[in-house]
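Following: one structure in structure tokens, then a few remarks.
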Amino acid sequence: MTDEFENMKKRYAGYSMDDKAVNEMKNRMVQAEFENKMAKRKRSITRWAVAAAAALTIFILPNSNAGVANAMGNIPGIGGFFQLITLREYYQNDGRNEASVAVSGLKSDDKTAKKTADDVNKEIKELTDKYVQEFKDTKRMKGHEALDVDTKVIDKTDKYFTLKLSRLTTAGDSYQENHYYTISLETGKQIKLADLFKDGADYKDALLKNVESQMEEQVKNSDEVAYYYTDSKNGEGLDDFKESDLTDKASFYLNKDGNIVICYNQGDAAPMYMGALEFVIPNSAVKDILK
């Protein structure tokens, strides 16, 4: 699969493709990425199992053993408020359908941070349960599907961190979905977009204008880029697209430079072949309304 992946990249660099060819290429690249990730995870599990057997050690998941939970939680170093715990693991491979689910949640003994952790864990668990059930339903219908769900801490600073939940499904075509939980290490609370701006500021309009500007610039510079917004301006695209979708369907996180990153799941703001999208908002675009 690696050789095929490299060949696809070379072909992509060599000539311009129509939307259908681009879509097929990107789906196959996502599939290759998924298979490589699954292979790495299997090798990691195998090495761990061999080591565990040699040491005659029984492994208990973090949320059922406080000592192990503390040890696991200290690895990422996400501050005094929080530790990471395992919420769910699920693996399945029957030759046609393959699933790898390994998601973490948060734990805290602080009253405020504990409520934040409980709220985040509840949503992550609900989403993960839904993904696994959808996978099982597809399996019962004798379809073919690959599912990969995981969490990771991204862009941690001394003030905040973001826990990212990612879901990748491949069943002919591919679909990627991300959820972001950005949390203050100073207050133990989850950060919402409105928390970043002065009271009464029209931050949605400021973000919308910058995202639209970035979309227009990208479309101008490449024939292989498309967005519902730019298509709509040209009298093309989806009939039901509304400009407000760009704010209503957006999620966000803060990167290490303190910039707001506006995110869209696959298909929310652009054709499916464009994948999941991120737009970094320069601080200069919102500096007058930031707290």
Side-chain angles (χ1 to χ4, degrees), residues 73-85 87 103-108 110 112-124 127 149-168 176-215 217-218 245-266 268-270 274-291:
N74 288 334
I75 293 174
I78 55 175
F81 275 126
F82 297 99
Q83 296 173 328
L84 288 180
I85 61 171
L87 286 184
V103 296
S104 298
L106 302 172
K107 174 186 176 182
S108 179
D110 176 85
T112 299
K114 182 180 184 304
K115 183 182 185 307
T116 300
D118 290 344
D119 291 343
V120 170
N121 293 348
K122 182 176 183 291
E123 181 171 328
I124 290 177
L127 287 168
V149 185
D150 65 11
T151 49
K152 62 180 178 180
V153 173
I154 62 172
D155 290 334
K156 175 187 175 296
T157 71
D158 58 348
K159 293 183 178 180
Y160 50 80
F161 72 94
T162 297
L163 183 64
K164 177 182 178 181
L165 170 68
S166 298
R167 174 257 192 113
L168 174 64
Q176 185 174 357
E177 178 178 312
N178 301 312
H179 298 267
Y180 302 88
Y181 307 92
T182 298
I183 297 171
S184 169
L185 289 171
E186 297 176 334
T187 65
K189 295 181 178 180
Q190 185 174 351
I191 299 173
K192 304 296 185 182
L193 259 180
D195 299 333
L196 303 173
F197 298 94
K198 297 176 182 177
D199 292 343
D202 191 359
Y203 65 90
K204 288 186 178 181
D205 184 65
L207 295 173
L208 180 64
K209 287 180 179 177
N210 189 266
V211 168
E212 290 176 346
S213 175
Q214 291 189 47
M215 288 180 172
E217 185 69 18
Q218 291 179 26
D245 289 344
L246 292 180
T247 50
D248 295 343
K249 295 183 178 181
S251 55
F252 86 100
Y253 67 92
L254 297 171
N255 66 17
K256 289 185 177 180
D257 296 323
N259 297 112
I260 299 168
V261 183
I262 297 297
C263 309
Y264 299 97
N265 287 326
Q266 191 170 358
D268 281 353
M274 290 287 290
L277 304 170
E278 293 191 352
F279 297 89
V280 179
I281 308 299
N283 282 337
S284 58
V286 291
K287 64 179 182 180
D288 293 336
I289 56 176
L290 287 172
K291 284 184 178 178

Heavy-atom donor-acceptor pair, Q266 side chain to Q176 backbone, under 3.5 Å:
yes

Are there more than 12 heavy atoms of other residues, nucleotides or ligands under 6.0 Å from atom NZ of K164?
yes

Kindly determine whether F279 and L207 satisfy side chain to side chain contact (heavy atoms under 4.5 Å, CB included), including the steps that lead there.
CA-CA 10 Å; F279 297 89; L207 295 173; over 6 Å; no

Sequence-distant partners of N121, side-chain hydrogen bond (donor to acceptor under 3.5 Å, both in side chains), two or more places apart:
none

Dump the intermediate steps for side chain to side chain contact (heavy atoms under 4.5 Å, CB included) on Q214 and I281, then the final yes or no.
CA-CA 9 Å; Q214 291 189 47; I281 308 299; 4.1 Å; yes

Anything under 3.5 Å between a donor and an acceptor, one on a side chain of residues 180-188, the other on a protein residue two or more places apart or in another chain? List them.
| residue | atom | partner | partner atom | Å |
| --- | --- | --- | --- | --- |
| Y180 | OH | E278 | OE2 | 3.3 |
| Y181 | OH | E123 | OE2 | 3.0 |
| T182 | OG1 | T162 | OG1 | 2.7 |
| S184 | OG | E186 | N | 3.1 |
| S184 | OG | T187 | N | 3.1 |
| S184 | OG | T187 | OG1 | 3.3 |
| T187 | OG1 | K189 | N | 3.2 |

Which residue is it: L208, I262, D205, L193? I am looking for the one with a side-chain contact (heavy atoms from CB on, under 4.5 Å) to T247.
L208

Within-4.5 Å side-chain heavy-atom neighbours: L254 and I260:
yes

Pair F197, V286 - check side chain to side chain contact (heavy atoms under 4.5 Å, CB included), show working.
CA-CA 9 Å; F197 298 94; V286 291; 4.0 Å; yes

Within the distance-only criterion (no hydrogens, no angle test), does the side chain of Y264 pair as donor or acceptor with the backbone N or O of L246 below 3.5 angstrom?
yes

4.5 Å side-chain heavy-atom contact, L84 and T151:
no

Is atom NZ of K287 surrounded by more than 12 heavy atoms (other residues, nucleotides or ligands) closer than 6.0 Å?
no

N255 and D155: which non-hydrogen atoms are nearest, and at how many Å?
CA-OD2, 3.4 Å

Check the pair K122, D118 against salt bridge (charged side-chain N to carboxylate O under 4.0 Å, His left out), reporting the backbone distance first and the verdict last.
CA-CA 6 Å; K122 182 176 183 291; D118 290 344; over 6 Å; no

